[in-house]
Undergrad: 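Next up is a structure, given as structure tokens.
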Amino acid sequence: MPLRKLVAGNWKMHGVSSDLAEIAQIASASREYPQVDVALCVPAILIERAVRAVPGFSIGGQDVHHAEKGAHTGCTSARMLVDAGAVLTIVGHSERRDAQRESNAEIQAKAHAALQSGLNVILCIGESLSVRERGDAVETVLSQLEASIPDEPSEAAELAIAYEPIWAIGSGKTPTIDEIAEMHDAIRNRLNQRYGGEGDRVRILYGGSVKPSNAGEIFAVADVDGALVGGASLKAEDFMPIVAAASRAG
Ligand code: 13P
């Protein structure tokens, strides 16, 4: 049975008070697509205001610290995200893996901490262009997956994996449909090896230059259970056609 599609926007370092109206527009338009789960992951400092602006709509964070509390200047704990009204968080985005040198082990700890606090988690994995060109994309992504997903299969239903090839992010380039299908199938098999039957409950999102023009064909691929959208999630006029395509794909 196909999983409910999840279309999540990653606003990255975009969004101030004057953008709350855009969030409200997306939340209100999303009500027309009850078959799709829609969420926006906004800057931590905007979460509480976004939640107040759109009660009942899913607002998330973009990162979380693995510790409960302590001397971690500038970091945000899972409890703080929950306290602000977030219901999910991204972990392991390639921009953080690169710029903040986050390891798989750290990302696994973050995912575990977030799930323990009742947050849903979108955990990102994906290969660089050189790895793709060398022909090692599947192997590399599966080893990232193995090392960064939480151990507990009971957490599977609250976990989503986002396959985001680094070279496709913000570039306008995407893998071929066959390459997406190959990767999502490999991820599904590995999840099932790790979690037994529970692996089928983990949603596998595709991310990287998802747009209204390519969303339909991407959502038609087996084991693509949604999308993590960057640039095209900032405006309702770009984001809602992607949500509509997910709804049509069922
Ligand atoms: P773009 O959709 O802008 O390529 O970004 C993808 C991404 O990084 C989402 O997390």
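All ligand and atom numbering here is 1-based and tracks the order in the structure.
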Undergrad: Anything under 30° is parallel, anything over 60° is perpendicular, the rest tilted; go ahead and classify His184 against Tyr206.
TA: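 Plane angle between 30° and 60°, so tilted.
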Undergrad: Do we see a donor-acceptor contact under 3.5 Å between the side chains of Glu164 and His93?
TA: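 Glu164 vs His93: donor-acceptor pair found between side chains.
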Undergrad: Quick check on ligand 1: any N or O pairs to the protein under 3.5 Å? One line per pair.
TA:
unit_1   : atom_1 : unit_2 : atom_2 : d
ligand 1 : 2 (O)  : Gly230 : N      : 2.8
ligand 1 : 3 (O)  : Gly231 : N      : 2.8
ligand 1 : 4 (O)  : Gly170 : N      : 2.6
ligand 1 : 4 (O)  : Ser209 : N      : 2.8
ligand 1 : 5 (O)  : Lys12  : NZ     : 3.4
ligand 1 : 8 (O)  : Lys12  : NZ     : 2.8
ligand 1 : 8 (O)  : His93  : NE2    : 2.8
ligand 1 : 10 (O) : Asn10  : ND2    : 3.0
ligand 1 : 10 (O) : His93  : NE2    : 2.9
ligand 1 : 10 (O) : Glu164 : OE1    : 3.2
ligand 1 : 10 (O) : Glu164 : OE2    : 2.9

Undergrad: How close do Phe219 and Gly226 get, counting heavy atoms only, and between which atoms?
TA: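 For Phe219 and Gly226, the tightest heavy-atom pair comes out as CE2-C, 3.5 Å.
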Undergrad: Holding to ring-ring contact (aromatic ring centres under 6.0 Å, His included), I want the full list of residues that pass it with His72, two or more places apart in sequence or in another chain.
TA: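 His72 satisfies ring-ring contact (aromatic ring centres under 6.0 Å, His included) with His65 once adjacent residues are dropped.
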Undergrad: For Trp167 and Glu127, does a side-chain donor sit closer than 3.5 Å to a side-chain acceptor?
TA: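 Trp167 vs Glu127: donor-acceptor pair found between side chains.
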Undergrad: Using side-chain heavy atoms (C-beta onward) and a distance below 4.5 Å, is Glu158 in contact with Val121?
TA: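 Glu158 does not reach Val121 side chain to side chain.
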